[in-house]
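Shown next, in C-alpha cells, is the structure this report addresses.
It should be emphasised that the depicted structure is a prediction, and the values quoted were computed from it without experimental measurement.
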Amino acid sequence: MDAPHQPSPPAPGFYPDPGGQPFLREWDGQRWTERTAAQGGTSAPPVRARKWLLPAGIALGVLVLVAVAVGVVVVMRGTDPVVVVRSSGQEIRRSEVAEHLASISKAHFNLERDAGAPQSRERKKLCGHIAGWIVDEDRPLALPLESMGEPLRFPEGPKSFLEACLAAE
C-alpha cells in the first residue's frame, strides 16, 4: 500500500496573506516573508520589523532633553555666574558683588576698608588685593599676613571676580 500523497508546497510567489490582511504576502517556497504587495499584484517594498524605532526615539528624546537642560544651565550660568564663594559656602553672583563688597572686604581683611567708587584707584587696590592680583602699577594694599581673614574661592577665576568688583555700583 502506498503512503498518502502529501501536496507539494506552492511555488514561490505572492499569495493572499495567511493572516487575513488585505494584501498579498510573498511565499519563498519554504516560508512566508515580510515582503507584501497590493492586491493588484504590484510588489511593495519589504516591510521590516522596526524594533529599533521605539528605543531610538526614546534615546533621541532623552538627548534632546539633556541638551536643552545643559543649554539652559550654561545660559543661566553665563549671564550671572558665581564669582566668589565665601568659606561659609555662600555663593555670590556677579550681580550681587556690590551689595556684598563691604562684608567681603571686612571678612577678608579683618578690618573696614572704603571700597571707593567703581573703577577708582582705591577700588582697583581693594579688588586686586581680594583677588590676589596687582591691577595697576601701584603695589596692592600692604597688610601683614596675620591680618588676612576669611579665605575666598573664585570658581570662574579671579579675573571674573575682579571685573565684577571694579564695576560694582
- request: Could you tell me whether the side chains of R153 and S87 share a donor-acceptor contact shorter than 3.5 Å?
  value: no
Side chain to side chain donor-acceptor pair (under 3.5 Å) against R25, all qualifying residues, sequence neighbours excluded: D17
query: Which heavy-atom pair separates G116 from E122 by the least distance, and what is that distance?
result: CA-CB, 4.2 Å
task: Look at the side chain of S160 and the backbone N and O of G157, then say whether any donor-acceptor pair between them is shorter than 3.5 Å.
output: no
message: Apply side chain to side chain contact (heavy atoms under 4.5 Å, CB included) to residues L101 and R123 and explain how you reach the verdict.
response: CA-CA 10 Å; L101 190 53; R123 180 69 66 88; 3.8 Å; yes
- request: Looking only at non-hydrogen atoms, find the nearest pair between L24 and A38 and report the distance.
  value: CD1-O, 3.6 Å
query: Is atom CD of E169 surrounded by more than 12 heavy atoms (other residues, nucleotides or ligands) closer than 6.0 Å?
result: no
- request: Work out which heavy atom in I104 is nearest to a heavy atom in F161; give both atom names and the distance.
  value: CD1-CE1, 4.5 Å
query: Within the distance-only criterion (no hydrogens, no angle test), does the side chain of W27 pair as donor or acceptor with the backbone N or O of Y15 below 3.5 angstrom?
result: no
- prompt: Considering all heavy atoms of both residues, which atom of P118 and which atom of A168 are nearest to each other, and what is their separation?
  reply: CG-O, 3.1 Å
message: Do V82 and I92 make a side-chain contact, defined as non-hydrogen atoms from C-beta onward lying under 4.5 Å apart?
response: no
task: Please answer whether the main-chain N or O of A117 pairs with a side-chain N or O of S120 as donor and acceptor at a distance below 3.5 Å.
output: yes
- line: What one should report as the nearest heavy-atom pair of H100 and Q90 is CE1-NE2, 3.2 Å
message: For K124 and L166: C-alpha separation, side-chain torsions, deciding distance, then whether side chain to side chain contact (heavy atoms under 4.5 Å, CB included) applies.
response: CA-CA 6 Å; K124 286 180 180 179; L166 290 172; 3.6 Å; yes
message: Could you walk me through whether E163 and K159 satisfy the side chain to side chain contact (heavy atoms under 4.5 Å, CB included) test, starting with their C-alpha distance in whole Å, then the side-chain angles of each, then the deciding distance to 0.1 Å, before giving a yes or no?
response: CA-CA 6 Å; E163 290 168 350; K159 184 176 180 185; 3.2 Å; yes
field: 4.5 Å side-chain heavy-atom contact, Q21 and P16
entry: no
query: Do P155 and V85 have side-chain heavy atoms sitting under 4.5 Å apart?
result: yes
field: Donor-acceptor contact below 3.5 Å, side chain R86 vs main chain L152
entry: no
task: Locate the shortest heavy-atom distance separating V84 from F154; write the atom from each residue and the value.
output: CG2-CE2, 3.9 Å
- prompt: Ignoring hydrogens and geometry, is there a side-chain-to-backbone donor-acceptor pair from D80 to R94 under 3.5 Å?
  reply: yes
message: Under a 3.5 Å threshold, yes or no: a donor from one side chain and an acceptor from the other, between T33 and D28?
response: no
